[in-house]
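Written out below as structure tokens is the structure these notes cover.
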2 protein chains.
Amino acid sequence: MSISGEPVSGGPDLAGRVRLMVVRLYRRVQSEHARSALSGVQISALDSLSRFGPLTPRELAVCERVQPPTMTKLIASLECDGLITRETHPKDRRQLILRVTAAGEQALAIAVRTTEEWLGKRLAELPEEDRATVTAAVEVINKLAGG
Amino acid sequence: MSISGEPVSGGPDLAGRVRLMVVRLYRRVQSEHARSALSGVQISALDSLSRFGPLTPRELAVCERVQPPTMTKLIASLECDGLITRETHPKDRRQLILRVTAAGEQALAIAVRTTEEWLGKRLAELPEEDRATVTAAVEVINKLAGG
DNA sequence: TATTGTTATACTCTATAACTATA
DNA sequence: TATAGTTATAGAGTATAACAATA
């Protein structure tokens, strides 16, 4: 904030406008893609597991910012679909090691690539400049949301 | 898509990356702000009603892209908190007219302004350039999600 | 005693289908 | 018969609290 109490830049209430944006886009994405093979949370977890290598449920829960019981259910759904495997940790039998299967990698790739027909179409319809803005913002926001 | 089948710009799979972004940011926002006076959906509906003037439940449901029963519940929660009023339509007694109350406008302003302490802080910590990117992207994405 | 993961339970948000009142 | 809104019901996703197994 500046001395005057106004946000330093980006116009007033950037945080509020980002929140409105994310709520609306999230619902729009969900409603347009309700019947995807993988839900948004499944894709997100699978993506993290693929990106950061084998993880324990605890680690994945921290990564996805959900509580352990939530992760237990998410893991069960992914394992049930054959997208991940659960092995017992070789040195600590309390822990599990989660790995993405080949089917999981494939499902993830397909989901990420084909997700949101409308979103891809909408993005393709944007002027080049707007698309570049969104691309850059995705990087910024992922850093912001991840840290 | 270009002739080669690649996305026209913004690198590969921009839509997929936008989806991952929105899922993660949404959850982050929800988890960081679980105990806000107004939930994300309440803020979004109140904002639409404030922005687009008195609306019927049906109109607001279309605007917010939810089904009528979902809107019924949302309306009940907002009315219960004194943030909106429900009047019967003067010419068609099946319909209602929803209006934001003064308390609703105030709650909305406060929510938007003070929402997401962490988000505002994070945004303030960004380099000026990144913040400008996010600001521009919010406009683009709101157009994209709204249409 | 501390930690990992699970079970039990509940709350929010969403949907579809069936209903009521009005047009 | 058609439309606006509601009620009934269900499913996904999330949480906290209590538990079992292991360290």
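Hydrogens, waters and symmetry mates play no part in the numbers below; they use all other heavy atoms, side chains included. Note that this is a predicted model, so its numbers are computed, not measured.
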inquiry  = Tell me whether Leu96(A) shares a hydrophobic cluster with Val66(A), the cluster being built from Ile, Leu, Val, Met, Phe, Trp, Tyr side chains joined at under 4.5 Å.
reply    =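 No, separate clusters.
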So which protein N/O to nucleotides 4-10 of chain C N/O distances come out below 3.5 Å?
from	atom 1	to	atom 2	distance (Å)
dG5(C)	OP1	Leu96(A)	N	3.2
dG5(C)	OP2	Arg58(A)	N	3.0
dT6(C)	OP1	Arg86(A)	NH1	2.8
dT6(C)	OP2	Thr72(A)	OG1	2.9

Length of the [atom1]-[atom2] vector between [X] and [N], whole Å:
X        : N       : atom1 : atom2 : value
Leu74(B) : dC13(C) : CG    : C1'   : 10 Å
Arg24(A) : dC13(C) : CZ    : C1'   : 17 Å
Leu38(A) : dA12(D) : CG    : P     : 14 Å
Glu64(B) : dC13(C) : CD    : P     : 13 Å
Gln67(A) : dA18(D) : CD    : C1'   : 15 Å
Arg28(B) : dT14(D) : CZ    : C1'   : 16 Å
Gln42(B) : dC13(C) : CD    : C1'   : 11 Å
Arg93(B) : dT22(C) : CZ    : C1'   : 7 Å

inquiry  = Treating Arg58(A) as the side-chain partner and Pro68(A) as the backbone partner, does any N or O pair qualify as donor plus acceptor under 3.5 Å?
reply    =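 Checking the backbone N and O of Pro68(A) against the side chain of Arg58(A), no donor-acceptor pair under 3.5 Å is found.
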query = With no hydrogens and no angle check, is any side-chain donor or acceptor of Arg131(A) less than 3.5 Å from a backbone partner on Ala124(A)?
reply =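 It does hold such a pair.
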Taking only N and O in the side chain of [X], is any of them less than 4.0 Å away from OP1 or OP2 of [N]?
X        : N       : result
Thr70(B) : dC13(C) : no
Arg27(B) : dT14(D) : yes
Ser39(A) : dG13(D) : yes

message = Regarding Glu79(B) and Thr85(B), do their side chains bring together a donor and an acceptor under 3.5 Å, going by distance alone?
response =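 Result is no, nothing qualifies.
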ask   = Any luck finding a side-chain donor-acceptor pair between Arg86(B) and Thr56(B) under 3.5 Å?
value =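 The criterion, which ignores hydrogens and geometry beyond distance, is not satisfied for Thr56(B) and Arg86(B).
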query = Is a salt bridge present between Arg19(B) and Asp47(A), judged by a nitrogen-to-oxygen distance below 4.0 Å?
reply =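 Not counted as a salt bridge, because no side-chain N and carboxylate O are separated by less than 4.0 Å.
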message = Applying side chain to side chain donor-acceptor pair (under 3.5 Å), can you list everything that pairs with Arg99(A), at least two apart in sequence or on another chain?
response =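 Applying side chain to side chain donor-acceptor pair (under 3.5 Å) to Arg99(A) gives Glu87(A).
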